[in-house]
Amino acid sequence: MQSTVATFVVSLALALGTASAAVVFDRDCPTNIRAMQYFSVEQYLGKWYEVQRYESEFEENYDCVQVRYSLNEDDSVAVSNSAYNLFNGSSINALGRAVLSFPDEEIVLGKLNVSFFGAPNDRSNYWVLDTDYDKFSVVWSCEQIAPQQSEESFWVLSRTPNPITDIDVMYRVHRIMRRYIDRSQVRFTRQTDERCPVF
């Protein structure tokens, strides 16, 4: 049992932070995806609740997913991903580190390198496509794994565990989903179940 949990923790960390264990598509990584411009790490810090995601075998049956970002002393970002299994009551937590992928660009893009468990922090694998910092964030990632084959991750995050009902926010989220996302692969994350712990 411990081995299974440990394997899952590593896999979840990869799924949430490095685009591994995501949805596999028989195509190259899209080149038309645009990350947000004038991105502010400071405004992005704090707690986020996962609302939707691309499902993967490693995250199956896990809900109550929360992500917390805080500033490290070296100005990198500490990442804490937590999730809870409503079926068996198990919980997991994965700790990582994030930095801006291209911090010296004149226009800072919402592209970050995220790694877990001390793995090399050298891949731009967490792209914020849109956020207002106060209500929602839409995040995407892709990694080429073979010719004509790629793994994609997708998340919609909210500052609260409640479903997004703001019409303007819903429009911005769905506009991105219509452009870039395979909706048949999207799974809603349960956040309001009374069994969800406060991480």
Side-chain angles (χ1 to χ4, degrees), residues 7-41 44 48 50-60 62 65 67 69 76-77 79 81 83 94-133 136-158 169 171-189:
T7 299
F8 180 83
V9 169
V10 173
S11 300
L12 178 71
L14 293 171
L16 292 181
T18 62
S20 201
V23 175
V24 176
F25 291 99
D26 292 324
R27 66 186 186 207
D28 293 331
C29 283
T31 58
N32 63 331
I33 309 292
R34 294 188 178 184
M36 181 179 179
Q37 295 185 336
Y38 302 102
F39 180 73
S40 169
V41 170
Y44 201 72
W48 292 94
E50 181 188 271
V51 177
Q52 298 179 59
R53 69 171 183 250
Y54 272 165
E55 184 63 290
S56 71
E57 61 178 307
F58 301 109
E59 290 183 271
E60 190 175 0
Y62 274 78
V65 180
V67 188
Y69 301 102
S76 66
V77 175
V79 182
N81 288 331
L95 303 178
R97 179 176 177 269
V99 295
L100 281 170
S101 301
F102 309 104
D104 298 324
E105 293 292 325
E106 184 177 345
I107 298 176
V108 176
L109 298 177
K111 297 182 178 182
L112 295 98
N113 299 9
V114 182
S115 62
F116 288 85
F117 303 110
N121 194 250
D122 56 3
R123 291 180 7 221
S124 182
N125 54 10
Y126 183 102
W127 290 18
V128 179
L129 305 187
D130 195 10
T131 183
D132 64 356
Y133 303 104
F136 82 102
S137 177
V138 179
V139 183
W140 174 86
S141 181
C142 187
E143 180 175 345
Q144 196 74 30
I145 57 175
Q148 295 293 308
Q149 193 172 62
S150 59
E151 284 184 337
E152 288 187 39
S153 298
F154 167 73
W155 304 274
V156 177
L157 308 177
S158 172
V169 169
Y171 172 77
R172 289 168 69 172
V173 171
H174 288 295
R175 182 180 58 185
I176 290 173
M177 292 179 73
R178 281 196 304 271
R179 279 183 174 176
Y180 306 132
I181 303 305
D182 181 349
R183 295 189 185 201
S184 69
Q185 300 288 346
V186 173
R187 172 222 205 262
F188 283 85
T189 307

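One is the number of the first residue; the rest follow in order along the sequence.
- Taking CG of Asp182 as the start and CE of Met177 as the end, the distance is 9.5 Å to the nearest 0.5 Å.
- Checking side-chain atoms of Gln144 against main-chain N and O of Cys29 turns up a donor-acceptor pair under 3.5 Å.
- Taking all atoms of both residues into account, the shortest heavy-atom contact from Ile33 to Trp127 is O-CZ3, 3.7 Å.
- In terms of heavy atoms, Pro147 sits closest to Asp28 at C-OD1, 4.3 Å.
- Looking at every heavy atom in both residues, Ala22 comes nearest to Glu152 through CB-O, 2.8 Å.
- Between the Ser76 side chain and the Ala98 main chain, no donor and acceptor come within less than 3.5 Å of each other.
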Check the pair Glu151 / Val23 against side chain to side chain contact (heavy atoms under 4.5 Å, CB included), numbers first and verdict last. CA-CA 5 Å; Glu151 284 184 337; Val23 175; over 6 Å; no

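- Ser141 and Tyr126 get closest at one heavy-atom pair: OG-N, 4.4 Å.
- The structure places OH of Tyr69 at 6.0 Å from CG of Asn81, a figure rounded to the nearest 0.5 Å.
- Panel note: side chain Tyr54, backbone Trp140; no donor-acceptor pair is recorded below 3.5 Å.
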### Message
Show, in sequence, the C-alpha distance, side-chain angles and deciding distance for Tyr62 and Thr189, and conclude whether the side chain to side chain contact (heavy atoms under 4.5 Å, CB included) test is met.
### Response
CA-CA 8 Å; Tyr62 274 78; Thr189 307; over 6 Å; no

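- For the atom pair CG (Leu109) and CE (Met36), the distance works out to 10.5 Å, reported to the nearest 0.5 Å.
- Within a 6.0 Å sphere centred on CZ of Arg175, heavy atoms belonging to other residues, nucleotides or ligands number more than 12.
- Within the 3.5 Å criterion, the main-chain N or O of Val114 finds a donor-acceptor partner in the side chain of Asn125.
- Side-chain contact between Phe136 and Val51 is absent, with no heavy-atom pair separated by less than 4.5 Å.
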Are Val67 and Val79 close enough, and set up right, to give a side chain to side chain contact (heavy atoms under 4.5 Å, CB included), and what steps lead you there?
-> CA-CA 7 Å; Val67 188; Val79 182; 4.2 Å; yes

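- Under 3.5 Å, the side chains of Asn113 and Ser101 contain a donor-acceptor pair of N or O atoms.
- The two residues Phe102 and Ser124 have their closest heavy-atom pair at CE1-OG, 4.2 Å.
- Around atom CZ of Arg179, no more than 12 heavy atoms belonging to other residues, nucleotides or ligands sit under 6.0 Å away.
- A side-chain donor from one of Tyr44 and Ser137 sits under 3.5 Å from a side-chain acceptor of the other.
- The backbone N or O of Arg97 sits less than 3.5 Å from a side-chain atom of Asn121, completing a donor-acceptor pair.
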Can you check side chain to side chain contact (heavy atoms under 4.5 Å, CB included) on His174 and Arg183, steps first, answer last? CA-CA 10 Å; His174 288 295; Arg183 295 189 185 201; 3.9 Å; yes

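- In terms of heavy atoms, Leu129 sits closest to Arg34 at CD2-O, 3.4 Å.
- A distance of 5.0 Å separates CD of Gln185 from CZ of Phe25, quoted to the nearest 0.5 Å.
- The backbone N or O of Gln149 sits nowhere less than 3.5 Å from a side-chain atom of Asp26 that would complete a donor-acceptor pair.
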